[in-house]
Amino acid sequence: MARRRQIYEGKAKVIFEGPEPGTLVCYFKDDATAFNNQKKGTITGKGVLNNRISEFLMLRLQDLGIPTHFLRRLNMREQLVREVEIIPVEVVIRNVAAGSMAKRLGIPEGTPLPRSIVEYCYKSDELGDPLISEEHITAFGWASPQDIDDFLAMSLRINDFLSGVFLGIGIKLVDFKLEFGRIYDENGDVRIVLADELSPDNMRLWDTQTGEKMDKDRFRRDLGNVEDAYREVARRLGVLPEGANIESIDSESN
């Protein structure tokens with residue numbers, strides 16, 4: 001890591017200059033934050049698990065024809081991605097009422113929604129990621145109507161696929177957040193691709209039998225056993241061998 005030029009450090013990842021033009025290296029940290037960075041802590045092994053989970057899901061989506069920024073995993077904590085121009089809009093797909101939606105609308109948490117609901121938030125920790133509409137997105141030039149059509153269609157396909165994947169391993173996909181970016185080719189043409197990560201950091205995942213939370217809500221709400229929950233998601237997806245020790249696996253990346 002010391003030999004690379006650092007581009008940016010966020011709440012969960014550090015971004016470094018990649019080995020080739022147009023690429024970046026994402027380093028997954030164990031740092032955990034909640035409530036727009038007001039609560040901070042550490043989840044041991046989280047970076048390793050999220051790197052593996054995100055790799056697995058991104059590759060499955062690529063097999064479906066969903067374009068993503070992911071290129072390959074480099075080691076247990078790092079992956080190589082395409083450099084993209086991030087659209088400052090978070091796309092939130094909700095299948096069950098939970099979190100801010102439940103509070104905002106007075107709906108009991110756990111209530112199934114009549115259909116999947118898509119919400120947009122302006123990507124800004126300082127402002128608390130406020131809810132926005134398509135009117136805001138187009139009026140302020142964050143994305144064009146065609147961009148919105150593209151990432152909305154992708155978001156719904158991703159939701160259908162991930163819901164099935166998780167249901168197959170006994171997990172309910174309650175809601176999740178997506179980020180998208182633009183890639184420009186040599187002719188100046190623009191393509192919208194899925195960016196960021198797919199992990200328990202940006203999803204709500206509940207055990208279908210017990211309702212137990214298996215995501216960052218365990219950290220947000222001081223429920224404990226956060227590491228075990230992330231590890232269980234990875235184990236069920238088949239990206240963490242039975243009995244694997246995160247600390248010993250992590251030495252691979254050092």
Of all heavy-atom pairs between [X] and [Y], which one has the smallest distance, and what is that distance?
| X | Y | result |
| --- | --- | --- |
| Phe176 | Ser155 | CZ-O, 4.5 Å |
| Leu71 | Val81 | CD1-C, 3.8 Å |
| Ala102 | Ala97 | CB-C, 4.3 Å |
| Ile53 | Ser199 | CG2-CA, 4.2 Å |
| Val174 | Ala98 | CG1-CB, 3.7 Å |
| Thr138 | Ser144 | CG2-C, 4.3 Å |

Once rounded to the nearest 0.5 Å, what's the spacing between atom [atom1] of [X] and atom [atom2] of [Y]?
| X | Y | atom1 | atom2 | answer |
| --- | --- | --- | --- | --- |
| Trp206 | Glu212 | CH2 | CD | 12.5 Å |
| Arg191 | Tyr184 | CZ | OH | 13.0 Å |
| Leu80 | Arg73 | CG | CZ | 12.5 Å |
| Lys13 | Arg77 | NZ | CZ | 13.0 Å |
| Phe219 | Thr42 | CZ | OG1 | 8.0 Å |
| Leu49 | Leu240 | CG | CG | 6.0 Å |

Using a 3.5 Å distance criterion without hydrogens, assess whether the side chain of [X] forms a donor-acceptor pair with backbone atoms of [Y].
| X | Y | result |
| --- | --- | --- |
| Asn159 | Leu156 | no |
| Glu119 | Met101 | no |
| Asn95 | Ser116 | no |
| Arg218 | Leu223 | yes |
| Asp30 | Thr44 | no |
| Asp129 | Lys123 | no |
| Glu90 | Glu179 | no |
| Asp207 | Thr210 | yes |
| Asp185 | Asn187 | yes |

Does the side chain of [X] reach to within under 4.5 Å of the side chain of [Y], using non-hydrogen atoms?
| X | Y | answer |
| --- | --- | --- |
| Ile7 | Glu83 | no |
| Leu74 | Gln79 | no |
| Arg182 | Ile192 | yes |
| Met203 | Leu57 | yes |
| Phe140 | Ile132 | no |
| Pro200 | Val226 | no |
| Val25 | Arg4 | yes |
| Tyr8 | Leu24 | no |

Would you call [X]-[Y] a salt bridge at under 4.0 Å N-O?
| X | Y | result |
| --- | --- | --- |
| Lys11 | Asp201 | no |
| Asp217 | Arg220 | yes |
| Arg204 | Asp175 | yes |

Problem set entry | Arg60 NZ/CZ over Phe56 ring centroid, <6.0 Å and within 45° of normal |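 Because its charged atom sits under 6.0 Å from the ring centre and within 45° of the axis, Arg60 does stack over Phe56.
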
Exercise. Going by atom types alone, do Asn202 and Glu197 pair a side-chain donor with an acceptor below 3.5 Å?
Worked result: no

Exercise. If you measure only the distance, is there a donor-acceptor pair under 3.5 Å linking the side chains of Glu55 and Asn51?
Worked result: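 Checked: Glu55/Asn51 side chains show no N/O donor-acceptor pair below 3.5 Å.
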
For this session: Quick one: do Lys29 and Val14 satisfy side chain to side chain contact (heavy atoms under 4.5 Å, CB included)? Show the steps, please.
Result: CA-CA 7 Å; Lys29 304 191 292 184; Val14 185; 3.7 Å; yes

Exercise. Going through the distances and angles, do Asp215 and Val233 end up as a side chain to side chain contact (heavy atoms under 4.5 Å, CB included)?
Worked result: CA-CA 9 Å; Asp215 54 69; Val233 173; over 6 Å; no

For this session: I would like to know whether Asp160 and Arg157 meet salt bridge (charged side-chain N to carboxylate O under 4.0 Å, His left out); could you show each step before the answer?
Result: CA-CA 5 Å; Asp160 284 344; Arg157 286 186 65 199; over 6 Å; no

Connected via hydrophobic side-chain network under 4.5 Å: [X] and [Y]:
| X | Y | result |
| --- | --- | --- |
| Val89 | Val92 | no |
| Phe180 | Leu59 | yes |
| Val118 | Leu113 | no |
| Leu194 | Ile183 | no |
| Leu198 | Ile87 | yes |

Exercise. Salt bridge (Lys or Arg N to Asp or Glu O under 4.0 Å) with Glu232: which residues, sequence neighbours excluded?
Worked result: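 For Glu232, the residues satisfying salt bridge (Lys or Arg N to Asp or Glu O under 4.0 Å) (neighbours in sequence not counted) are Arg235, Arg236.
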
For this session: Give me the ring orientation class for Phe16 and Tyr27: parallel if the planes are under 30° apart, tilted from 30 to 60°, perpendicular past 60°.
Result: perpendicular

Problem set entry | Aromatic plane relationship, Tyr122 with Trp142 - under 30° parallel, 30 to 60° tilted, over 60° perpendicular |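 Taking Tyr122 first and then Trp142, their aromatic rings lie parallel (interplane angle under 30°).
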
Exercise. Would Phe161 and Ile66 satisfy side chain to side chain contact (heavy atoms under 4.5 Å, CB included), going step by step from the backbone distance to the final call?
Worked result: CA-CA 11 Å; Phe161 175 71; Ile66 300 289; over 6 Å; no

For this session: Evaluate whether atom NZ of Lys172 has more than 12 neighbouring non-hydrogen atoms of other residues, nucleotides or ligands under 6.0 angstrom away.
Result: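 No, NZ of Lys172 has 12 or fewer neighbouring heavy atoms, counting only those of other groups under 6.0 Å.
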
For this session: Evaluate side chain to side chain contact (heavy atoms under 4.5 Å, CB included) for Ile86 paired with Val84, printing each intermediate quantity in order.
Result: CA-CA 6 Å; Ile86 291 291; Val84 304; 3.7 Å; yes

